[in-house]
Each structure stands twice: as C-alpha cells, then as structure tokens.
Amino acid sequence: MSSIFWFLTKNAPASDVPCVRPETSPIPDYLNAVLEKARSNDGGAPAAYIETLANADTSKMAVALAMVDGKVYSAGDDKIEFSIQSISKAFVYALAIEDAGLPRVLEKIGVEPSGDRFNELSLEKGTNRPMNPMINAGAITAHSLVVGPNSTVEERTDRILKALSKLAGRELHVDEEVYEAELKDANRNMAIGYMLKAAGIISCDPRVAVTGYIRQCSINVNVSDLAMMSAVLCNAGVHPVTGERIIPQLSVRQVLSVMTTCGMYDSAGDWVSRVGIPAKSGVAGGIIGTLPGQVGIAAFSPKLDERGNSVRGVDICEQLSLDMGLHMMDVSQLASATVQLSVATIVAGKNDPNHPHCNRDVVVFKLRGAVRFAGAERLSRAIARELGEPNPNDPGSGGHADACTVVFSFRDAYSLSSAARRIIHEDVNRLLSDGKSVVIIDPSRVLEWDIKINPKFPHVVENETEALDYIGGIGCRAVTQEDSW
Ligand code: GLU
C-alpha cells in the first residue's frame with residue numbers, strides 16, 4: 001500500500017496490521033512514520049546569512065498537530081527550540097490590524113502575491129505599498145504599525161512577545177544569539193527600511209522598525225508552540241485551550257487569505273496546488289499550516305530549498321495533506337448531503353383516537369453536519385417545493401401543501417453558519433405567518449431561536465417523541481413514508 005497511513009485505512013490486509021493496544025491513538029505512530037519518510041530527503045541547506053542558523057543541527061526534525069479542541073500531538077525533536085523568523089509575520093499582521101485598524105493597514109500594505117524573493121527591495125507600482133505582509137517590506141511595515149507610530153523597539157517587542165506567548169500558551173523569549181547574529185548583518189533589511197521611509201510608508205525611524213522586526217523574528221518556539229498558535233487561527237481566533245478570543249474573526253480571515261496567496265515565499269502557487277493549506281514558513285526551518293476549522297500543523301527541519309522553505313518540512317506537510325485529505329480544495333461535503341426530507345403520517349394513539357391530526361401528514365426536514373449557505377438554500381428550496389403551490393413545470397411539487405405540521409430536526413446538525421441561521425429563521429417565520437404549525441427538534445439549540453427578534457415562535461423540543469406527542473397527542477405514532485424519524 002502506497003500510503004504510509006496504511007494501518008488506518010479500511011483496505012489494509014489484516015495480516016499487515018501490527019498488534020497495538022486498541023486504546024492507543026494511531027496518530028503518534030503515524031506522525032513518526034511521516035518523519036521517517038521525510039528523513040530520506042537530504043536536499044537543501046540551512047540559511048547561510050544568519051550565522052546561528054547556518055550552524056544549526058540539520059539532523060533535527062519534528063512535527064506537531066494541534067486540534068481545535070486543544071489536543072496536541074507531536075513527534076521527533078519536538079522540544080527543540082528554533083527562531084520563529086518569518087512565521088511571526090502572519091501573527092504580527094493580525095496585531096497591526098488590531099492596533100492600527102484594517103483600513104490603515106491596507107493603505108500601507110497590499111495583499112497581492114509578489115512572486116519576488118522574500119527580501120526583495122520592491123514596492124507596488126502606483127501605490128508605493130509593499131506588495132503583501134509576508135515579504136520583508138510588508139512585514140517591517142506591519143511591525144511599525146504595532147502599538148503606535150512613535151513606539152520604541154522595546155514597546156513593540158514587548159507587545160509582540162506577550163501576544164505570541166498567549167497564542168502558544170506559554171512564555172516565549174527572544175533568542176539573543178540569533179538576534180545579535182542577524183542584526184550584525186542587517187544591511188538588506190535596513191535598506192528595505194530606508195526605502196519604506198523614503199516612500200512615505202513608515203513614519204518611524206527605519207532603524208527602530210528593522211531592529212524591532214529582527215527581534216520579532218528571533219523569538220524562540222518549538223513545533224508544539226507553533227501548532228497551537230496555528231490552531232488559534234483554525235479556531236477562528238479563539239484559543240483552543242483557554243477559550244479566550246485572541247484574534248477577531250475578520251482578522252483571522254485576512255491573515256489566512258494572505259497566508260494562502262503569499263505565505264510560502266515565491267512558491268505560493270506550487271504550494272497551494274500540492275498541499276492546499278494556508279501556510280507560512282521561516283528561514284530557521286519552521287512551517288505552519290492552518291486548515292480552518294480542523295487542525296493547526298507545524299513542521300521543523302533546518303535545511304531549506306532555493307526558495308527558503310524547509311525541504312523536509314514541505315515533504316511532511318505534503319504527506320499529511322495527502323494522507324489525511326487536508327487539501328482545502330477537496331470537495332468533502334456537498335450541500336445536498338446536509339438536507340434530508342421525509343413525510344410521516346400521524347396515527348393517533350389509543351388515548352386520543354379522534355385527534356384532529358390523525359391520518360394527516362407531517363413534513364420532516366432533517367439537517368446534518370455543518371450547515372452553511374448552500375445547505376440552507378437547499379432547505380428553502382425543498383420547503384417551497386413541498387409546501388408551496390404546485391408548479392405545472394415541476395411534477396410532484398406542492399404535494400404536501402396541506403401538511404398539518406412542518407418539523408425541522410437539528411439533532412444531527414453540528415453547526416449553522418450565521419447566514420444559514422438567518423435563512424432558516426426566515427423560512428420558519430414564513431411558515432408560521434402562513435399559519436403552519438412548526439416544530440423544531442433542537443437538543444443543542446443550534447438554531448438559536450430568539451423570540452425578541454422573532455415574535456412568532458415555533459415549538460422547540462428535545463427529541464422525536466416529544467415532537468410526536470405535541471403533534472398527534474401523547475402516545476401517537478407516525479408512519480413514515482420515505483424515511484424514519
Ligand atoms: N529574519 C529574517 C529576515 O528578514 C526572516 C526571514 C524569513 O524567515 O523568511 O531576513
């Protein structure tokens with residue numbers, strides 16, 4: 001079997017399955033297997049322009065996954081610390097948005113991939129802005145927007161260190177050796193700083209902006225820190241462990257967008273098509289991958305390819321994406337799968353044989369999984385088709401216009417997006433205004449029906465039995481024509 005995740009696949013021949021205790025998770029074994037496979041790639045070289053990085057132990061490698069509920073898996077040299085370098089750019093961009101506001105940030109930094117080297121002395125024609133916040137010119141500008149325009153190196157570094165520590169869930173520190181080594185030979189970044197000043201993009205002393213930026217890049221992390229930081233982005237800005245909102249949701253979207261288009265230096269297109277996960281890499285050999293709503297990934301190995309991305313880190317991410325189906329363009333859930341229709345006929349119980357709903361139909365819409373715009377649109381269409389006027393061009397439509405009750409079951413719905421919720425609220429309101437009886441099965445209250453906003457309200461119950469008792473009287477039964485409910 002080609003996949004190295006063979007022991008989790010259905011098709012693995014029984015004889016191949018190693019004897020493992022069933023209560024141990026296979027994920028750590030899998031991560032070790034991914035590392036071993038990546039180890040065979042000996043290409044690349046560590047970053048040469050920062051002495052400390054040039055002398056890194058190139059045999060070290062590690063990987064970590066942080067889930068959106070805070071569970072972290074790690075393997076390899078997961079305790080080894082390395083400088084965060086350019087990975088900090090994603091998080092400092094979020095801080096710049098928080099401190100200066102998105103309009104000001106967009107006025108100063110573009111969002112277009114540049115296709116240039118990360119340390120190119122380049123500005124966008126016409127606007128004079130750096131092309132994006134992931135190249136050095138944009139990152140130095142973002143750094144200068146943190147705290148305030150006249151802040152000191154210490155004030156900005158302090159703000160960034162505290163914010164990154166909160167994301168990682170532990171106190172992080174600047175690696176002074178890396179900082180000194182980079183500052184010693186910072187001519188290129190200083191040149192970028194002066195270029196930004198001359199173009200009117202930064203207002204502070206360029207040496208202050210560049211020195212602070214280099215301190216920001218010298219903050220030490222390990223793979224678990226990075227995976228957790230990434231998981232905060234995956235979790236829409238809420239820390240998976242503390243539950244604290246750290247980054248506003250709109251900033252998360254902005255950060256993930258530029259990570260997708262500009263995060264992997266000048267190989268963004270190659271990365272998106274091969275791995276398909278918003279990502280950012282750094283010259284110390286770290287990479288984060290951030291799959292919204294699912295998993296924060298971090299990999300580390302010091303040898304870089306000619307574009308500055310960790311050779312083994314890229315292999316690790318590619319393998320994870322392939323084995324786990326993490327590519328963001330994989331079509332994993334079709335909208336149609338989230339809505340299911342059935343029709344039940346009420347059979348009155350012994351105690352109430354003359355119940356007015358006896359022998360009448362109940363239309364049941366079940367929603368499953370994460371319901372978003374397209375799922376809610378299908379539901380609206382299904383309601384209109386089943387309960388609306390018959391359409392001569394659509395045989396079978398309007399078949400249940402006289403149903404006594406409409407039931408919506410959210411028992412298997414994991415979440416509703418706010419757009420889906422608004423559409424479904426409107427559907428329910430329209431049915432109620434039409435005089436229909438509506439029953440909602442919603443044990444975890446995903447519909448968030450608010451009577452302050454919706455003056456009419458449906459009957460909300462915990463389960464199917466309660467729904468039946470309400471519709472047909474205690475003890476009634478329902479004969480389902482198309483499905484069970
Ligand atoms: N400190 C590095 C620089 O600006 C960060 C580069 C990187 O990781 O891409 O040169």
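One-based numbering, in listed order, for ligands and for the atoms of each. Bear in mind the structure is a predicted one, so any value in this text is a computation, not a measurement. Quick note: residue numbers are just sequence positions, from 1.
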Does the pair [X]/[Y] count as a salt bridge with the N-to-O cut at 4.0 Å?
X: R422; Y: E426; answer: no
X: D205; Y: R207; answer: yes
X: R170; Y: D225; answer: yes

Check each atom of ligand 1 against the heavy atoms of Y265 and keep those under 4.0 Å away; list them by number with element.
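Those of ligand 1 that fall under 4.0 Å from Y265 are 7 (C), 8 (O), 9 (O).
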For ligand 1, which atoms, with element, lie under 4.0 Å from some heavy atom of G282?
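With G282 as reference, the close atoms of ligand 1 come out as 8 (O).
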Residue part near ligand 1, for [X], under 4.0 Å between non-hydrogen atoms:
X: S86; result: both
X: E182; result: side chain
X: V283; result: both

Would you call the rings of W449 and H425 parallel, tilted or perpendicular, where under 30° means parallel and over 60° means perpendicular?
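Ring orientation of W449 relative to H425: perpendicular.
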Can you tell me which residue and heavy atom of the protein come closest to [atom], and the distance to 0.1 Å?
atom: atom 5 (C) of ligand 1; result: Q85 OE1, 3.2 Å
atom: atom 10 (O) of ligand 1; result: Y49 OH, 2.5 Å
atom: atom 4 (O) of ligand 1; result: Y213 OH, 2.6 Å

Backbone or side-chain N or O of N136 under 3.5 Å from ligand 1 N or O:
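Looking only at distances, the answer is yes, because the N/O contact criterion of under 3.5 Å is met.
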If you measure every N/O of S281 against every N/O of ligand 1, is any gap under 3.5 Å?
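In this structure, S281 places no N or O atom under 3.5 Å from an N or O of ligand 1.
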Any non-hydrogen side-chain atom of [X] less than 4.5 Å from a side-chain atom of [Y]?
X: P149; Y: C204; result: no
X: I192; Y: V210; result: no
X: P278; Y: M328; result: yes

Strictly under 4.0 Å, does any heavy atom of N189 approach an atom of ligand 1?
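Right, N189 reaches ligand 1.
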Quick check: closest heavy atoms across I297 and C317, and the distance to 0.1 Å?
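Nearest pair, atom of I297 first, then C317: CG2-SG, 4.4 Å.
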